[in-house]
Amino acid sequence: MSRTLQRMEEMSAHGQPMRRSLAEMSYGELLQSLSQKIFALANKERLLVQLEVEDQVTAEILLTRRLVIGAGMVVFGANMIFMTIVFALARFIPPWATSLVIGLCALAGGWALVIATWRRHKTVSEIQSELKEKLSWTDKHAA
């Protein structure tokens, strides 16, 4: 009967055991408590990394959408400006020659921009390997 009373006293109002001081715990209880806390921490860390990866992927998708829309608007605007220049210079130079010169200048500028940007980008495989590395790290440390 005294064991039942002792257990009832240990229970809180919510039905959970009250925390005992570390001095009252045996080594086995300490190790069990420590291992449970480490496992819970590893699981929380794994979930945190998964959320970070999901947020990063979502942000990249949103960024890509915005870049595509912006690029389309730039192409349309540049086309209108080039047409305006062709119409303005058509009085002095044949229209086909004006279009050819402006087209070649735009093509050269565009290729220069593409080459400069391509040298600085991360490939999809690099990004994928970084994400896999993060996820595998969490899986290793959660188990």
>> Would you compute the distance between atom CG of L47 and atom CD of E54 and round it to the nearest 0.5 angstrom?
In response: 9.5 Å

> Can S129 and E133 be said to form a side-chain contact (heavy atoms from CB on, under 4.5 Å), step by step?
Replying inline: CA-CA 6 Å; S129 66; E133 181 181 325; over 6 Å; no

>> For S33, is there any backbone N or O sitting under 3.5 Å from a side-chain donor or acceptor partner on Q36?
In response: no

Side chains of residues 93-111: which donor-acceptor partners sit under 3.5 Å, not counting sequence neighbours?
unit_1 : atom_1 : unit_2 : atom_2 : d
T98    : OG1    : P94    : O      : 3.3
S99    : OG     : P95    : O      : 3.1

> Who pairs with L48 by side chain to side chain contact (heavy atoms under 4.5 Å, CB included), at least two apart in sequence or on another chain?
Replying inline: E45, E52

Pair up each side-chain donor or acceptor in residues 64-78 with any protein partner under 3.5 Å, not counting sequence neighbours, and list the distances.
unit_1 : atom_1 : unit_2 : atom_2 : d
T64    : OG1    : E60    : O      : 2.8

